[in-house]
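Take a look at the structure set out below.
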Amino acid sequence: MYDFKKVERKWMSKYEKNDYFKANLDKSNKPFYNLMMFPYPSASGLHIGNMYSFIGSDVYGRYMKLRGYDVYEPIGFDAFGIHSENYALNVGKNPFELTPKSIKYFRDEQLKKIGNIFDWSSEVITSSQDYYKWTQWIFVKLFKAGLAEKRDSTVNWCPSCKTVLADEQVIDGKCERCDTEIQKKEMSQWFFKITKYADRLLDNLDKLDWTEVTKNIQKSWIGRSEGATVVFHVKDMDLEIETFTTRPDTIYGVTYLVLAPEYKYTKELVAEDRREEFISFIERVNKMDEAERTSITRSKNGMFTGSFAIHPLTGERLPIWIGDYVLAEYGTGAVMAVPAHDERDYDFAQKYGLEIKQVIDCDKDGLPHTEKGKMINSEEYTGWKSEDFIEKVDEVSDYMKKTVNYHLHDWCVSRQRYWGPPIPIVYCDKCGTVPVPEEELPVELPQTDDFIPDGSGLAPLARNEDFVNTTCPKCGGSAKRETDVSDNFLDSAWYFLRYVSPNDIEKPFDSKLVRKWLPVDMYIGGNEHANLHLMYSRFITMALHDLGYLLFEEPFKSFRGHGLIIKDGQKMSKSKGNTVNPNDYFDTHGVDVLRTYLMFMGNFLEGGDFRDSGMDATKRFLNRVWDIANMPEGESSINLKIKMAETVDKVSYSIENIKYNTAVAAIMEFINEAVKEKHIEKKIILDLAKLLSPFAPFISEEINEMKGGKGTILDSGFPEGYEKYKEIATIEVPVQINGKMRGKVEVNKDAGQEKILEEAKGDKRLARYIEGRNIRKVIYIKDKIMNIIVK
RNA sequence: GCGAGAGUGGCGGAACUGGCAGACGCGCUGGACUUAGAAUCCAGUGAGUUUUAAAAGCUCGUGAGGGUUCAAAUCCCUCCUCUCGCACCA
């Protein structure tokens with residue numbers, strides 16, 4: 001009987017003692033950078049979803065190592081940030097004290113036990129000074145390059161976390177961390193100008209080997225939309241209103257303008273006698289939460305400002321309205337309303353009795369008609385096609401200009417929290433906003449017990465006089481420090497660069513090693529970071545590229561987003577009490593079983609359904625493997641060798657395409673054949689162990705050692721030498737008569753059509769359908785199928 | 001509403017480029033071992049149907065309906081359902 005506890009303990013300690021998986025970063029000839037998303041130590045331990053991700057990534061790394069690559073598989077801890085901090089606040093501890101403890105548990109009780117080929121010598125912890133010094137360095141570099149800016153803006157405020165958040169961290173109007181309803185606030189915040197990179201972030205996607213889903217999520221988040229800006233003069237005022245439209249061809253159908261309630265000129269535009277109405281209107285809008293405000297089904301409300309704009313082409317007078325369906329954040333916050341050809345404008349115009357003017361040819365009853373078509377009622381452009389007009393917009397009028405708009409907004413990076421890198425900026429009355437000189441980094445996060453966010457809009461550090469008061473690096477006069485910390489996603493936006501030289505105190509990363517090892521060859525992780533970490537990392541990499549620090553502009557050559565685990569057909573959640581704690585299975589089933597089952601239970605890229613019955617079955621499977629490994633040695637049958645030839649191919653194909661479940665299935669099939677034998681060849685059993693080793697490392701190592709192998713099995717090379725068995729294999733060719741399956745004939749591989757036809761005629765079953773009839777046509781797909789058409 | 005993906009036995013899921021549907025596993029049924037159970041092992045297992053029975057065969061079958069093809073889970077059209085992403089984006 002296989003004693004998994006003993007074997008796993010033995011190999012865990014061997015992995016710990018020997019540097020099997022320490023990559024020689026300098027000397028390596030075939031570098032392969034296998035990256036997984038480092039965890040944040042924010043809870044009582046890694047959950048099964050983390051394990052799923054890490055193991056799935058490790059299977060790939062192990063496979064590549066077996067294939068002879070120098071695989072570098074580093075790991076670290078995303079230890080700064082709101083998740084670790086919230087956890088600390090929850091349990092009433094100081095993150096300074098709690099985080100190292102969490103890390104220790106994550107590392108020693110979990111990560112070191114799951115059999116991954118981590119190179120522990122390269123561990124990176126984002127909350128350590130050696131690391132965040134360089135996070136701050138990046139901030140300073142971006143600031144100097146004009147890519148970081150502090151500005152007033154409407155931002156997302158989480159009342160529970162008491163900080164602002166980036167757009168990407170608001171999910172369905174709620175805080176990504178704590179699920180609290182987000183409020184919009186007008187505040188001065190630090191932004192990274194990621195929108196400058198919108199087009200590159202979008203265009204590069206086509207060149208990346210990433211899972212399509214992930215690319216699609218990024219595409220729609222960037223949300224490029226082509227259109228035009230149209231400028232309207234306000235009648236009797238020295239004001240211009242700029243609007244964005246994707247349908248400049250409907251310009252002659254504009255019958256009014258609508259502004260967002262937050263629009264910058266509303267004060268000027270709202271007439272004296274409408275001020276009161278305006279104030280109560282704004283109050284009503286503010287009462288709505290984000291979800292209600294943006295609900296499509298809600299009826300649209302608005303009010304007339306009393307002012308008019310001038311149509312740039314016709315000179316007509318257009319009433320200017322304020323409408324709660326216009327968003328301040330998108331486009332210019334002002335819309336040229338074309339009720340005949342836009343559903344929202346149509347609804348609004350109907351409600352308030354505004355003019356509806358048709359300018360695209362269609363059935364009059366079909367309004368609003370949103371399709372493009374032939375322009376009508378458009379003066380000299382009547383008869384033009386929409387597309388032609390859109391193309392020529394720039395020539396029509398000085399007031400119209402082709403423009404591109406994005407859904408993507410600049411990245412709000414300041415956080416009114418404690419547990420993060422202080423933003424390295426100093427405010428001086430004389431010199432203004434001054435970055436901390438690079439040689440003075442890091443700006444140390446002071447260790448203090450006064451770290452609880454108070455919701456005032458200022459970070460806890462603002463209460464720390466010693467920290468706040470400083471001298472200006474430029475003029476030496478007294479100055480004040482920025483007290484916000486930067487977003488945790490900035491920490492993780494460059495950690496993959498740090499991994500190659502984690503202990504370098506001179507620079508953020510070693511350029512020579514970066515050139516050798518990056519971009520990352522394979523990155524496997526969850527899709528929940530598609531708009532977050534994966535977008536930010538691309539941006540930071542591009543920015544560092546433009547600043548001359550990197551030769552490449554895309555950090556991850558290949559990315560595979562995997563699916564989620566469910567339990568017995570249901571979503572796992574603490575409230576349902578159906579969560580799975582991976583550690584529970586270490587003693588009952590063993591790590592090998594857990595790994596193998598997680599990879600077997602479903603398609604890794606789509607997720608899977610975790611069931612205890614499957615764990616039991618996998619345990620049975622590995623016991624069978626053990627029994628076969630312990631069969632008497634002796635020559636194996638040709639049949640089994642042919643089976644092994646197939647298995648090697650199937651496992652390679654499956655792992656390379658991240659179809660881990662079918663790789664395991666192929667090994668099971670092989671086992672089902674092997675149990676029929678009385679003895680087994682050493683080579684066969686060693687190769688079996690190799691194929692199994694990405695999934696069940698410990699039993700595979702043990703088998704390898706038992707059969708005389710030294711060190712780790714991953715250094716012993718991929719199974720080879722089976723080509724010749726594929727040649728001698730016979731195959732069954734299915735035979736159809738008139739397209740219906742009627743039988744099979746057994747022939748040698750590569751048999752010709754005549755041979756198969758002859759066999760078919762000689763086959764009792766098939767002959768019935770052929771005899772006495774005319775064969776009109778024979779379709780033969782070599783080694784696959786024959787279809788005989790008879791009459 | 002828009003975009004993407006998916007829908008296959010009692011269940012999780014296979015099926016590479018259009019070429020044997022249901023690999024592999026769970027569950028279930030029967031059997032072996034056992035005083036008994038657990039564990040383990042062996043056999044069977046899409047539905048319907050023909051035959052006394054077995055062997056063997058036939059028909060149907062991949063969300064629904066149509067089409068292309070010698071051949072469709074796979075390609076095309078229409079529709080339904082689910083999941084994910086975005087969403088009053090002008």
Side-chain angles (χ1 to χ4, degrees), chain A residues 1 171-172 211-221 223-225 227 243-247 250 258 260 293-300 323-327 329-338 341-345 347-348 370 405-407 527-528 530-531 563-564 566 568-569 597 600-603 606-618 620-621 623-624 627 649-650 653-654 657 659 661-669 671-672 675 732-744 764-765 768 776-789:
Chain A
M1 192 63 186
I171 313 289
D172 291 331
T211 25
E212 288 301 316
V213 203
T214 321
K215 290 205 260 187
N216 281 327
I217 293 173
Q218 289 209 349
K219 264 182 208 162
S220 60
W221 186 258
R224 184 186 153 97
S225 120
T243 61
F244 173 75
T245 178
T246 52
R247 293 294 303 278
T250 61
V258 220
R293 170 86 195 270
T294 55
S295 152
I296 329 165
T297 45
R298 184 178 60 81
S299 102
K300 298 162 182 38
D324 60 2
Y325 73 102
V326 178
L327 303 174
E329 308 92 72
Y330 187 75
T332 59
V335 171
M336 56 169 240
V338 186
H341 305 291
D342 183 279
E343 282 178 31
R344 295 149 306 181
D345 297 344
D347 290 347
F348 194 78
T370 56
N405 230 308
Y406 301 93
H407 169 268
N527 259 325
E528 68 273 16
N531 284 341
L564 298 175
I566 54 173
D568 300 318
Y597 176 60
F600 176 65
M601 69 184 182
N603 181 325
E606 282 156 29
D609 190 359
F610 189 95
R611 292 159 185 224
D612 286 340
S613 61
M615 286 291 291
D616 297 339
T618 310
R620 218 148 44 221
F621 162 62
N623 283 336
R624 275 146 62 94
D627 291 344
D649 284 354
K650 277 190 196 167
Y653 174 86
S654 297
N657 291 285
K659 292 170 173 227
N661 53 339
T662 53
V664 175
I667 300 170
M668 286 174 169
E669 269 188 73
I671 293 298
N672 291 344
V675 287
E732 279 189 327
V733 175
V735 178
Q736 300 181 329
I737 311 290
N738 290 345
K740 290 219 181 253
M741 277 301 310
R742 297 297 181 188
K744 289 169 191 175
K764 232 168 69 187
R765 276 175 63 198
R768 301 211 314 253
R776 299 191 5 173
K777 196 175 171 188
V778 174
I779 295 148
Y780 176 53
I781 310 297
K782 195 165 146 280
D783 294 346
K784 281 234 169 101
I785 201 162
M786 173 170 277
N787 193 0
I788 304 170
I789 312 302

Expressed in angstrom and rounded to an integer, what is the separation of [X] atom [atom1] from [N] atom [atom2]?
X	N	atom1	atom2	value
Q218(A)	C84(B)	CD	P	20 Å
N738(A)	C70(B)	CG	P	12 Å
N657(A)	C16(B)	CG	P	11 Å
E528(A)	C84(B)	CD	C1'	12 Å
N531(A)	G3(B)	CG	P	18 Å
I171(A)	C84(B)	CD1	C1'	12 Å
N216(A)	C84(B)	CG	C1'	11 Å
K740(A)	G19(B)	NZ	C1'	16 Å

Mind checking what makes salt bridge (charged side-chain N to carboxylate O under 4.0 Å, His left out) contact with [X], not counting sequence neighbours?
X	answer
R742(A)	none
D616(A)	none
D324(A)	R298(A)
K215(A)	E212(A)

Query raised in the report: Taking only residues two or more places apart in sequence, or in another chain, which ones meet N657(A) in a side-chain contact (heavy atoms from CB on, under 4.5 Å)?
Result: Y653(A), K659(A)

**Report entry** Partner set under side-chain contact (heavy atoms from CB on, under 4.5 Å) for N672(A), not counting sequence neighbours
**Finding:** R624(A)

Take atom [atom1] in [N] and the same atom in [M], then report the distance between them in whole Å.
N	M	atom1	result
C26(B)	U34(B)	C1'	26 Å
A72(B)	G67(B)	P	13 Å
C84(B)	C16(B)	C1'	26 Å
U59(B)	U51(B)	C1'	16 Å
G25(B)	U81(B)	C1'	28 Å
C80(B)	A15(B)	C1'	25 Å
G22(B)	C77(B)	C1'	28 Å
A14(B)	A23(B)	P	13 Å

Query raised in the report: Taking only residues two or more places apart in sequence or in another chain, which ones pass side-chain hydrogen bond (donor to acceptor under 3.5 Å, both in side chains) with D612(A)?
Result: Y585(A)

Report task. Please work out whether the ring planes of F244(A) and Y330(A) are parallel, tilted or perpendicular, with thresholds of 30° and 60°. Result ->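 Because their plane-to-plane angle is over 60°, the rings of F244(A) and Y330(A) count as perpendicular.
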
Report task. Answer with base, sugar-phosphate or nothing: what part of the nucleic acid does V326(A) contact at a heavy-atom distance below 4.0 Å? Result ->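 Base contact.
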
Requested in this report: May I ask you to say what V335(A) touches in the nucleic acid, namely base, sugar-phosphate or nothing, with a heavy-atom cut-off under 4.0 Å?
Outcome: base

**Report entry** Residue whose nearest RNA chain B nucleotide is more 5′ - K777(A) or Y330(A)
**Finding:** K777(A)

Query raised in the report: Which sits closer to the 5' end of RNA chain B, R742(A) or N603(A), going by the nucleotide each is nearest to?
Result: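 By nearest-heavy-atom nucleotide position, the 5'-most residue is N603(A).
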
**Report entry** Footprint string (nucleotides 20-30 of chain B, 5' to 3'): B base within contact, S backbone only, - free, heavy atoms under 4.0 Å
**Finding:** BS-BBSS----

Requested in this report: Output yes when at least one side-chain N/O atom of K219(A) is less than 4.0 Å from OP1 or OP2 of C86(B), else no.
Outcome: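 Checking K219(A) against C86(B): no side-chain N or O falls below 4.0 Å of OP1 or OP2.
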
Report task. Would you tell me if any nitrogen or oxygen in the side chain of H407(A) comes within less than 4.0 Å of OP1 or OP2 on C86(B)? Result -> no

Query raised in the report: Between C70(B), A14(B), C58(B), which one does the side chain of I789(A) approach most closely?
Result: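 For I789(A), the side-chain atoms sit closest to C70(B).
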
Test item: [X] and [Y] side chains (from C-beta on) under 4.5 Å apart, heavy atoms:
X	Y	value
I779(A)	Q736(A)	no
Y325(A)	D345(A)	yes
T662(A)	K650(A)	no

Report task. Answer syn or anti for G9(B), where the cut-off is 90° from 0 on the glycosidic torsion. Result ->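 In terms of base orientation relative to the sugar, G9(B) is syn.
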
Requested in this report: Just need the stems in RNA chain B: three or more back-to-back Watson-Crick or G-U pairs, each with both distances under 3.5 angstrom, sorted by first number.
Outcome: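 Listed by first number, the stems are B:1-7 with B:80-86, B:10-12 with B:24-26, B:27-32 with B:40-45, B:46-50 with B:56-60, B:63-67 with B:75-79.
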
**Report entry** Polar side-chain contact K300(A)-C88(B) base: donor and acceptor under 3.5 Å
**Finding:** yes

